[in-house]
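Written out below as structure tokens is the structure these notes cover.
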Amino acid sequence: MTALLEARELSKAYGGLQALSRCSFEVQLGTITSLIGPNGAGKTTAFDLINGIVAADGGSVTFDGEDVTGMLPHQLTRKGMSRTFQITRDLGEMTALENMVVSSPASGIRSLLGNRILARERDRAMELLEFVGITALAHTSAKKLSYGQKKLLEFASVLMSEPKLILLDEPAGGVNPALLERIIDRIRDLNRRGMSFLVVEHNMNVVMQLSDWVIVMAHGEVLAQGTPEVIQSDDIVLDAYLGRT
């Protein structure tokens with residue numbers, strides 16, 4: 001298979017805390033890869049370094065065959081990498097539709113500042129809001145949405161740039177079962193169309209039913225990796241993270 005994303009020996013320290021230590025892994029093209037581990041394992045730090053929010057102390061990131069180490073998030077978005085966050089980020093005073101338009105690579109916030117949304121942006125935004133099931137909320141202020149609805153809005157928003165790879169940060173966190181099933185269904189649908197995912201998630205049921213490949217982190221390093229079936233039976237993982245029954 002072809003590696004769409006390659007993280008090589010990524011390292012990051014915050015003061016005396018080594019959050020990530022020479023961490024290496026890959027995301028293969030067309031797969032759903034999950035990054036799991038206990039709190040403090042380094043998962044979010046890995047996301048931050050890959051997505052350019054934080055500069056790495058060492059190591060490299062290759063995306064779609066290009067060295068993108070040190071690139072900023074908006075530059076990576078243009079190259080086909082988008083990200084959601086554990087705590088949803090929306091512009092609360094704007095409507096759901098306006099939040100979608102801001103994420104458009106064509107003109108984004110310039111459309112709103114000019115008080116004019118391009119027809120193609122509106123159509124694309126409405127199509128994606130329908131895809132995640134919240135079309136009826138298009139003209140509702142984002143601050144009035146429930147937490148689960150904000151998760152769906154953020155998910156739809158990152159699709160505006162038509163990414164090749166989405167970094168999903170805890171898509172199941174704080175979401176009720178009905179909305180969670182919708183999110184899982186949409187991830188699978190997009191994956192069937194060829195989109196790749198790197199997912200940080202604590203819900204092991206979601207990880208095991210959704211993933212093609214699972215990477216286990218602990219203490220800023222990769223502890224183990226393999227298919228969900230392999231990970232569930234790995235003695236090191238069972239001892240260090242998943243726990244034995």
Side-chain angles (χ1 to χ4, degrees), residues 4-5 27-36 43-44 47 50-51 64 73 76-77 80-91 94-105 120-140 142 144-215 228:
L4 178 62
L5 175 73
V27 176
Q28 300 299 320
L29 183 65
T31 65
I32 301 173
T33 299
S34 288
L35 197 59
I36 68 171
K43 306 182 300 297
T44 298
F47 259 35
I50 290 168
N51 193 226
D64 202 17
L76 291 167
T77 297
M81 182 195 301
S82 292
R83 177 190 177 174
T84 67
F85 290 84
Q86 181 179 350
I87 299 174
T88 59
R89 298 185 175 190
D90 56 69
L91 301 173
M94 291 185 178
T95 66
L97 176 60
E98 289 169 337
N99 270 271
M100 294 288 291
V101 172
V102 166
S103 301
S104 169
R120 66 177 181 274
E121 291 178 335
R122 181 186 298 273
D123 291 346
R124 174 65 174 161
M126 291 301 292
E127 176 187 329
L128 291 172
L129 289 174
E130 181 178 5
F131 177 69
V132 299
I134 56 171
T135 312
L137 301 172
H139 301 292
T140 300
K144 295 182 179 179
L145 303 183
S146 70
Y147 183 75
Q149 290 167 342
K150 288 183 177 182
K151 283 272 194 179
L152 291 171
L153 174 59
E154 184 180 38
F155 186 32
S157 295
V158 300
L159 297 175
M160 285 290 286
S161 62
E162 301 183 1
K164 301 172 185 176
L165 173 68
I166 296 181
L167 278 58
L168 283 178
D169 199 344
E170 297 196 26
V175 177
N176 70 51
L179 286 180
L180 178 56
E181 282 303 314
R182 187 185 303 174
I183 291 172
I184 290 173
D185 179 68
R186 297 309 182 262
I187 293 171
R188 284 175 170 158
D189 188 353
L190 291 166
N191 182 244
R192 283 193 293 268
R193 302 185 204 180
M195 193 172 291
S196 305
F197 291 86
L198 178 60
V199 183
V200 164
E201 184 52 67
H202 285 287
N203 186 322
M204 288 300 101
N205 288 330
V206 171
V207 169
M208 295 306 166
Q209 69 173 295
L210 198 58
S211 308
D212 299 301
W213 194 256
V214 179
I215 301 161

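Because the structure is predicted, anything quoted here is derived from the model rather than measured. Positions are given from 1, in the same order as the sequence printed here.
A distance of 10.5 Å separates CG in L210 from OG1 in T33, rounded to the nearest 0.5 Å. The structure places NZ of K150 at 12.5 Å from OG of S157, a figure rounded to the nearest 0.5 Å. The CG atom of L152 sits 10.5 Å away from the CZ atom of F131 when rounded to the nearest 0.5 Å. The distance from the NE2 atom of H202 to the OG atom of S34 is 12.0 Å, given to the nearest 0.5 Å. Here the CZ atom belonging to F197 is positioned 8.5 Å from the CG atom belonging to L165, to the nearest 0.5 angstrom. The distance from atom OG1 of T44 to atom CG of L35, rounded to the nearest 0.5 Å, is 9.0 Å.
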Before giving the answer on side chain to side chain contact (heavy atoms under 4.5 Å, CB included), spell out for L76 and R83 the whole-Å C-alpha distance, their side-chain angles and the decisive distance to 0.1 Å. CA-CA 10 Å; L76 291 167; R83 177 190 177 174; over 6 Å; no
Does L198 form a side chain to side chain contact (heavy atoms under 4.5 Å, CB included) with I50? I'd like the steps, not just the answer. CA-CA 11 Å; L198 178 60; I50 290 168; 4.2 Å; yes
May I have the step-by-step check of side chain to side chain contact (heavy atoms under 4.5 Å, CB included) for L168 and F155, ending in yes or no? CA-CA 8 Å; L168 283 178; F155 186 32; 4.2 Å; yes
The test is side chain to side chain contact (heavy atoms under 4.5 Å, CB included); show your working for V199 and I187 and say whether it passes. CA-CA 10 Å; V199 183; I187 293 171; 5.6 Å; no
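No hydrogens or angles considered: nothing links the side chains of S161 and T77 as a donor-acceptor pair under 3.5 Å.
No more than 12 heavy-atom neighbours from other residues, nucleotides or ligands sit within 6.0 angstrom of CD on E130.
When the salt bridge (charged side-chain N to carboxylate O under 4.0 Å, His left out) test is applied to D64, the partners found at least two apart in sequence or on another chain are K164. By the side chain to side chain donor-acceptor pair (under 3.5 Å) test, T135 is found to be paired with no residue, residues two or more places apart in sequence or in another chain being considered. For T140, the side-chain contact (heavy atoms from CB on, under 4.5 Å) partners two or more places apart in sequence, or in a different chain, are L137, K144, L145. Under the rule for a side-chain contact (heavy atoms from CB on, under 4.5 Å), the partners of A96 that lie at least two apart in sequence or sit in another chain are L153.
Q149 contributes no side-chain N or O that, together with a main-chain N or O of I134, makes up a donor-acceptor pair within less than 3.5 Å. Under a 3.5 Å cut-off, the side chain of D212 and the backbone N or O of I32 do form a donor-acceptor pair.
Q209 places a side-chain heavy atom less than 4.5 Å from the side chain of R188.
Sequence neighbours left out, the pairs with a member in residues 189-199 that pass side chain to side chain donor-acceptor pair (under 3.5 Å) are D189-R193.
Considering every non-hydrogen atom in both L129 and A138, the closest pair reads CD1-CB, 3.8 Å. Among all heavy-atom pairs drawn from A142 and N99, the shortest one is CB-ND2, 3.6 Å. The two residues P228 and M208 make their nearest non-hydrogen contact at CB-SD, 3.6 Å. Closest heavy-atom contact between M81 and L167: CG-CD1, 3.8 Å. Contact record, P163 with M195: O-CE, 3.4 Å, taken as the closest heavy-atom pair. Taking all atoms of both residues into account, the shortest heavy-atom contact from K151 to E170 is NZ-O, 2.6 Å.
Salt bridge E121/R124: absent, no basic N to carboxylate O contact under 4.0 Å.
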Pair up each side-chain donor or acceptor in residues 176-184 with any protein partner under 3.5 Å, not counting sequence neighbours, and list the distances.
residue	atom	partner	partner atom	Å
N176	OD1	A178	N	3.0
N176	OD1	L179	N	2.8
R182	NH1	V132	O	3.1
R182	NH1	G133	O	3.4

